[in-house]
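In the text below, chain A, chain B and the rest are named by the order of the sequence lines, each starting its count at 1.
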Amino acid sequence: MSQITAKTYDQFTAAVGSYGVDITTAEPEGVADVIEELVDPPAVGTPLPWDDVALPDTVQTEPTTGAVDEAVTGVTAASLAIAEYGSILLRMDEDGSEPVSLFNDLHVAVLREEDIVPDMAAAFEWLGPELRDTRDSAILATGPSATADMGALVQGAHGPKQVKVVVVT
Amino acid sequence: MSLSRESKAEHIRHIMQTEGNAVAENTRGFNQGRYDSVAKLEAYDELKDEAREIKEDAIERLPELIDELTETVEANGGTVYIAEDAADANEYVAQVCDEKSADRLVKSKSMTSEEIEVNEHLEAQGMDVVETDLGEWVLQIADEAPSHIVAPALHKSRAEIATLFNEYFEPEEELETAEELTMFAREQLGELIEGADVGMTGANFITADSGTMALVTSEGNARKTVTVPETQIAVAGVEKVIPTVEDLQPFIELIGRSGTGQDITSYISLLTPPLNSPTMNFDDPDSSVSGAGEDREFHLVLIDNGRMEMREDEHLKETLYCIRCSACANTCANFQSVGGHVFGGETYSGGIATGWEAGVHGQESAAEFNDLCTGCSRCVEACPVKIDIPWINTVVRDRINSGADVPVETLVDGLTPDTETSGPGLQKRLFGNFELLAKLGSAFAPLSNWVANSPPSSYLLEEIAGVDRRRDLPKFQRTTLVEWFESRDAVPPADPDRKVVLYPDLYTNYMMVDRGKAAVRALEALGVEVLIPPVSGAGRAPLSQGMIDTARSKAEGVVDQLGPYVEAGYDVVVIEPSDLAMFREDYARLVPQEQYESLAEQSYEILEYVYGLLANGADADSLNLATDGETVAYHAHCQQRTMGLDEYSLAVLDECGYTVTTSDVECCGMAGSFGYKEQYYELAMDVGSNLESQLRAADCDHVIASGTSCTEQIGDLLGDEPFHVIELLAPQPTQTTEETL
């Protein structure tokens, strides 16, 4: 995907911020250190699908069910983001990104800046052919898990109580 | 009071007392959220058009799309089962569970699963069924039915849920805050999901091209429900199928905004099952969390249950476009007071529920609550797929009427000269035949007014026709507007700028003659030639009672009588917004296309017309301008707002120097005849109380309104009848304009 405009980026940060999600930016080589800072241990994660970006050693990959259950933080990649909505796309995969991003109190999502698209229409232009080709599944996630069913808005109904996004610049 | 009316009134009273506050607070919050959220969406109207087109096309091509989807899902490795009805679906689901030797099935929220009552079916076979949506779980514990299609437990306050949990679970420390209750539920349900054998979800949309189902959620329970167990079952109505992944876009942008006022919900799951994601075996902590989900099994149960027949029904068909966002419920003034336990049938609630219930459960279920739709039309603009919800309610009402017994009482036979071939009840026929009532009332005024409001008459009207005796009936005028106009000596303006037929709607002609006179003064002062020929009632009254044949014959009369004027270049100006809505909207369904179009195009609401005159150079100084910053509190009519016409009244008031405070209540509660009916009187007054407090708080020099029912209702609420906007703005009468016999 091509370089995004400053406007799209600003829109994304503002939208994400409105859901209480913190954004940290990092150069590829600095991503591991940033993640290290952001996670609340113990942390589990799935490999980041980009050559120049890595997880810190403290994030356990290929976790067992027990490790996922005990972890406080899950770290996964986000393959797309929508600036207008502050949404990130979490793709299901064989490495277990879905459970790793779902069962812990804190989810740290790692996103490449160039994968931020301006709006929902652009996202679906990409998703259409992609889902038809791969028959994959994905979650369009916006902010933390939330419910108002108990009489007031509470974060962390079933999914993560908190979400942090690392943008790889 | 008749027994059935009395028990209905009692039920409504009970629900308003026990659930009304929570329902009102939550639905009004959602409704305001919708206004705020869609206002931020630049392409809102285009997205609605797009969503509508996609649904129209999908329902048109449904059999073909179901075939395509079936092939796709099977190619993906899943199974599709088309269930004819609820029993068929339940047997299939039970069979799948049996084959998997499943003990526990966990569910995410699904109204379709409520429709088929799959929980009860599986529980009867000894299965443990757990609702994992927090609201649904609360109801499962309380053993209650949803009161809202999106927020099922919205009738329960936090304190009530806390009491329920503390009594049911007896936790070591009593639960109190929403945070404590949520975390308690998270923990309890988390364990139940971890040990589940089958996960069941609904589906908001399913795309035929890829077999992708979209689930619109916020809690994350649907994600866990499909992630943990090996077996996933999705139950969905056949109408959920849409052609492509790209078609999801407008719906995803609209559904959260329209429903709960969220720009987007926390999670839009785009699932193409069986999922290429590992299952979770919590019994074995050492098990690996990896793999492409080779052990997964997926069953899509597509449910007909009456839907294919709805598709063939020209009026119910639109119901299938519904995306179940709940906007029609949240925006409905009556729903805001009572919720789905009154305004709902076996499964569904709110305005569109009449279509769903009539289609899937049968007319009897719809008949339970169909009357609660007053046709105010506020839901029409709220609906993201632009369904004409009031029309569906009218048609079903007409069908219910036709099935009802024809009343045997002869006392009011003369008052029901309608063209209904069979049975709307007496109450409906009395209100539906308002035109004759008005003619008689006027002919015998003021005697008729004394008689109608006298204790014996009030008693009889209530006993026989259910007209609530606490209401003052409208006061008929001895001289109608048409008679006054014919008898006056006024000289029409020479060389008029425009020529107008002022439509003598029944209310203006027989009861609120002053507002008609004011309209004449204002129009003539602005250089317009005015005629007021005798024209029939517009048919609003019979239509609102579901007497479509009668409404049609009225409509045919009106277009015949107004046709020659329209052809001769006269503009038709209408004072009563609900009658203008007939000309502009409902006549499309009642009279031939050409006649509808020419009348609709040349009809104007009175203030819309005045606005146009001023914009084209007429002098506002001819009107009654504000002095010393006069203030007005204004309640626009519901249908006027739906047509987008309230803006003209506001603009003209502003131009004339008035400072205006507007109410933001969706409807006054009177809504034509609704508030006169004894079984609904208290509900109507409850709806009105919101308006009353806003009007009182505004504390203005004048209270003004645009509709007849709003005027009557505000009169009852404030003890003083408001003026119509035109009565405030028209110049004072002079000898020339007012001269009469």
Heavy-atom count around [X] [atom1] within 6.0 Å, excluding the residue itself: above 12?
| X | atom1 | answer |
| --- | --- | --- |
| D52(A) | CG | yes |
| E46(B) | CD | yes |
| E74(B) | CD | yes |
| N21(B) | CG | no |

Winner by heavy-atom pair count (cut-off under 4.5 Å) against chain A, out of [options]:
| options | value |
| --- | --- |
| T227(B), T132(B), T182(B) | T182(B) |
| S288(B), S218(B), G220(B) | S218(B) |
| A162(B), P285(B), S157(B) | P285(B) |
| L248(B), V138(B), T217(B), N26(B) | L248(B) |
| V228(B), L275(B), D209(B) | D209(B) |
| G291(B), G135(B), A22(B) | G291(B) |

Based on non-hydrogen pairs under 4.5 Å, which of [options] is most in contact with chain B?
| options | result |
| --- | --- |
| A67(A), G128(A), G66(A) | G128(A) |
| P160(A), A157(A), A148(A) | A157(A) |
| A138(A), A15(A), A123(A), G86(A) | A138(A) |
| A146(A), S87(A), P63(A), A152(A) | A146(A) |
| G151(A), S145(A), A121(A) | S145(A) |

Distance, nearest 0.5 Å, that separates [atom1] of [X] from [atom2] of [Y]:
| X | Y | atom1 | atom2 | value |
| --- | --- | --- | --- | --- |
| L181(B) | M150(A) | CG | CE | 6.0 Å |
| R132(A) | T244(B) | CZ | OG1 | 6.0 Å |
| M92(A) | N276(B) | CE | CG | 8.0 Å |
| S290(B) | E62(A) | OG | CD | 7.0 Å |
| L131(A) | S210(B) | CG | OG | 5.5 Å |
| T147(A) | E219(B) | OG1 | CD | 3.5 Å |

Interface moiety of [X] toward chain B, non-hydrogen atoms closer than 4.5 Å:
| X | answer |
| --- | --- |
| L153(A) | neither |
| P144(A) | backbone |
| S97(A) | neither |

**Prompt:** Do the side-chain N and O atoms of S266(B) and T142(A) include a donor-acceptor pair separated by under 3.5 angstrom?
**Reply:** no

Structural part of [X] lying under 4.5 Å from a heavy atom of chain A:
| X | result |
| --- | --- |
| N281(B) | backbone |
| L215(B) | neither |
| A153(B) | neither |
| V289(B) | both |
| D284(B) | backbone |
| L41(B) | side chain |
| T212(B) | side chain |
| M213(B) | neither |
| E25(B) | neither |

**Message:** With salt bridge (Lys or Arg N to Asp or Glu O under 4.0 Å) as the rule and sequence neighbours excluded, what pairs involving residues 82-110 of chain A come up?
**Reply:** R91(A)-E130(A), R91(A)-D136(A), E98(A)-R223(B), D105(A)-K161(A), D105(A)-R186(B)

**Request:** Using the salt bridge (Lys or Arg N to Asp or Glu O under 4.0 Å) rule, collect all pairs that involve residues 272-283 of chain B, keeping only residues at least two apart or in two chains.
**Result:** none

With a 4.5 Å limit on heavy-atom distance, are the side chains of [X] and [Y] in contact?
| X | Y | value |
| --- | --- | --- |
| I139(A) | I268(B) | no |
| S137(A) | S277(B) | no |
| E246(B) | P129(A) | yes |
| D69(A) | E194(B) | yes |
| Y267(B) | L140(A) | no |

**Request:** Check the pair D149(A), E136(B) against side-chain contact (heavy atoms from CB on, under 4.5 Å), reporting the backbone distance first and the verdict last.
**Result:** CA-CA 9 Å; D149(A) 282 350; E136(B) 286 285 354; over 6 Å; no

**Prompt:** Is there any residue in residues 249-265 of chain B with a non-hydrogen atom under 4.5 Å from a non-hydrogen atom of chain A, and which ones are they?
**Reply:** Q249(B), I252(B), E253(B), R257(B), D263(B), I264(B), T265(B)

**Message:** Quick check on the structure: residues of residues 28-51 of chain A within a heavy-atom distance below 4.5 Å of chain B, by number.
**Reply:** none

**Item:** Under 3.5 Å donor-acceptor, T65(A) side chain and S287(B) backbone
**Value:** yes

